[in-house]
Amino acid sequence: MRTVDLITKKRDGGELTEQEINSLIRGYTDGSIPDYQMSAMAMAIFFRGMTPTERANLTMAMVHSGDTIDLSGISGIKVDKHSTGGVGDTTTLVLAPLVASIGVPVAKMSGRGLGHTGGTIDKLEAVPGFHVEIDNETFIDLVNRNGLAVIGQSENLTPADKKLYGLRDVTGTVNSIPLIASSIMSKKIASGADAIVLDVKTGDGAFMKEMSEAEELASCMVDIGNRVGRRTVAVLSDMSQPLGNAIGNALEVKEAIDTLRGVGPEDLTELCLTLGSHMAVLAGVASSKEEARDLLEQSIASGSALDKFKAFLTAQGGDASLVDEPERLVTAKYRIEVPAKEEGFVAAIAAERIGLAAMMLGAGRATKESQIDLAVGIVLHKKIGDRVQLGESIATIHANSNSNDEALAKIYESIEIRPQPVAPPALIVGEIK
Ligand code: URA
Ligand code: CA
């Protein structure tokens with residue numbers, strides 16, 4: 001079939017067959033289908049949507065467009081977690097050792113971040129010596145021995161998605177639920193996941209700002225996973241304010257250590273226990289969420305979660321003694337307090353703007369080539385609903401430059417204080433399986 005016929009078929013609301021989707025993705029990946037035809041197809045999908053079968057077929061076609069990692073050498077059910085963006089999201093750093101400590105094998109492929117803070121790998125590199133440049137054999141061996149390892153993302157993971165995402169970015173077709181869902185699921189499946197727990201964020205700092213859209217995206221991803229034989233569960237969580245208190249790489253490593261020690265922020269702890277419980281059930285190490293949660297809480301209380309984090313850092317060359325002395329993590333030269341300009345109750349902390357402020361300080365990458373400063377960032381002292389006094393510090397800026405007016409202005413812009421009491425938002429707002 002000619003590509004133009006596939007485009008007109010979708011344009012007119014038809015359903016593409018598995019074979020048609022495979023040939024489209026194969027042709028686009030090898031360059032025989034040009035960008036202009038794929039742009040037209042993406043726009044047709046944007047307006048016409050995709051059937052559940054088409055979405056599953058598109059996902060698997062993208063999985064097979066490049067390398068897939070074979071984790072069959074690791075015994076047990078490999079459960080991966082994915083969060084759809086978010087600001088100051090430290091969950092992976094906590095969850096990986098936490099669930100590994102109760103017997104869930106964690107074989108994680110991670111990338112570097114683009115945007116407000118670094119990705120998991122950038123954050124882990126705040127621990128001197130830690131590296132993810134290990135070969136597949138070592139990776140699998142480490143997971144078998146320690147229950148946990150992180151490897152850098154293969155350059156050739158889902159190349160069709162990489163190319164299509166770039167194209168969507170410049171053709172107004174990013175915001176299509178079937179395209180987002182298949183993009184995310186293809187990467188998880190190509191990275192070897194047998195089962196997947198999704199953390200779909202909703203609210204200001206999220207990709208899907210409306211609850212209804214977040215629910216639709218979550219259902220769509222769960223449906224794809226289940227159709228292609230990967231049990232998938234989605235948790236919907238609030239991102240109307242940053243998660244935890246720290247936004248910035250080394251600051252988030254410190255926050256993760258606190259959380260593994262049992263003294264971390266309440267919201268981050270709760271989200272990790274919720275996601276971790278689902279992971280443990282999917283992996284078959286607990287028979288119910290309640291049983292899983294007990295195991296996870298005990299692991300934090302007994303110190304096994306923290307020990308697992310240390311063993312993991314050591315195995316990949318990191319200086320694990322930092323975990324007991326987090327004050328030795330890189331720190332920024334300047335600390336600037338952000339005093340409240342009025343008294344009252346915190347009504348909003350616009351997560352996206354706080355994220356942007358952190359990026360201005362150097363915590364994130366504006367472009368793929370930017371260097372990130374691991375030491376800088378923002379630590380919030382207040383959450384929505386908290387009372388503040390006039391002049392009381394709402395946040396501390398950690399900076400390596402002494403001119404931070406722009407970041408400071410952004411922080412003020414993002415925080416709203418009202419005279420009347422404000423109810424804190426619920427953190428876990430839904431679950432789809
Ligand atoms: N994140 C992805 O990985 N893919 C999308 O399409 C959107 C967000
Ligand atoms: Ca955080």
Side-chain angles (χ1 to χ4, degrees), residues 21 24-25 28-29 35 38-39 41-47 49-50 54-63 65-68 80-87 89 91-92 108-121 152-193 196-210 213-225 228 230 232 234-237 239 351-352 355 364-365 368:
I21 290 175
L24 188 73
I25 294 303
Y28 185 53
T29 310
D35 278 350
M38 202 59 186
S39 319
M41 179 59 89
M43 192 58 89
I45 293 171
F46 180 91
F47 282 112
M50 287 187 117
E54 284 180 311
R55 301 181 311 218
N57 287 334
L58 175 59
T59 303
M60 293 314 288
M62 294 204 292
V63 168
S65 69
D67 296 344
T68 55
D80 205 352
K81 186 264 327 180
H82 178 80
S83 292
T84 63
V87 175
D89 188 348
T91 51
T92 302
K108 187 121 190 106
M109 212 185 234
S110 264
R112 294 184 188 278
L114 186 61
H116 34 80
T117 64
T120 299
I121 293 181
Q153 206 158 65
S154 150
E155 275 297 305
N156 193 36
L157 194 82
T158 59
D161 171 65
K162 205 177 277 178
K163 216 171 155 187
L164 181 56
Y165 197 8
L167 187 69
R168 286 164 55 210
D169 202 25
V170 294
T171 55
T173 50
V174 167
N175 237 319
S176 151
I177 286 181
L179 292 179
I180 298 171
S182 51
S183 164
I184 293 172
M185 293 300 284
S186 69
K187 283 174 279 206
K188 291 285 116 177
I189 294 167
S191 321
I196 300 158
V197 174
L198 300 162
D199 172 20
V200 179
K201 313 279 196 188
T202 170
D204 177 81
F207 208 58
M208 293 286 142
K209 305 208 184 318
E210 299 301 327
E213 283 178 326
E215 263 171 345
E216 200 184 331
L217 177 62
S219 308
C220 189
M221 290 193 286
V222 168
D223 180 74
I224 291 173
V228 301
R230 270 75 170 181
T232 304
V235 168
L236 295 158
S237 71
M239 240 310 143
E352 205 162 333
R365 291 188 182 83
K368 265 187 220 150

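All figures in this text were calculated on a predicted structure; none of them were measured in a lab. Counting starts at 1 for both ligands and their atoms, in listed order.
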Taking it one step at a time, do Tyr165 and Val174 satisfy side-chain contact (heavy atoms from CB on, under 4.5 Å)? CA-CA 7 Å; Tyr165 197 8; Val174 167; 4.3 Å; yes

Ligand-residue contact atoms, ligand 1 with Ser183, heavy atoms, under 4.0 Å: 2 (C), 3 (O), 4 (N), 5 (C), 6 (O)

One finds that the ligand 1 atoms under 4.0 Å from a non-hydrogen atom of Lys187 are 2 (C), 3 (O), 4 (N)

Smallest heavy-atom separation, Ala214 atom then Leu236 atom, equals O-CD2, 3.7 Å

Would you say Arg168 and Ile180 make side-chain contact, with heavy atoms under 4.5 Å? yes

Closest approach of any protein heavy atom to atom 8 (C) of ligand 1, naming residue and atom: Tyr165 OH, 3.1 Å

Taking side chain to side chain contact (heavy atoms under 4.5 Å, CB included) as the criterion, tell me which of Lys187, Lys188, Met109 meets it with Asp80. Lys188

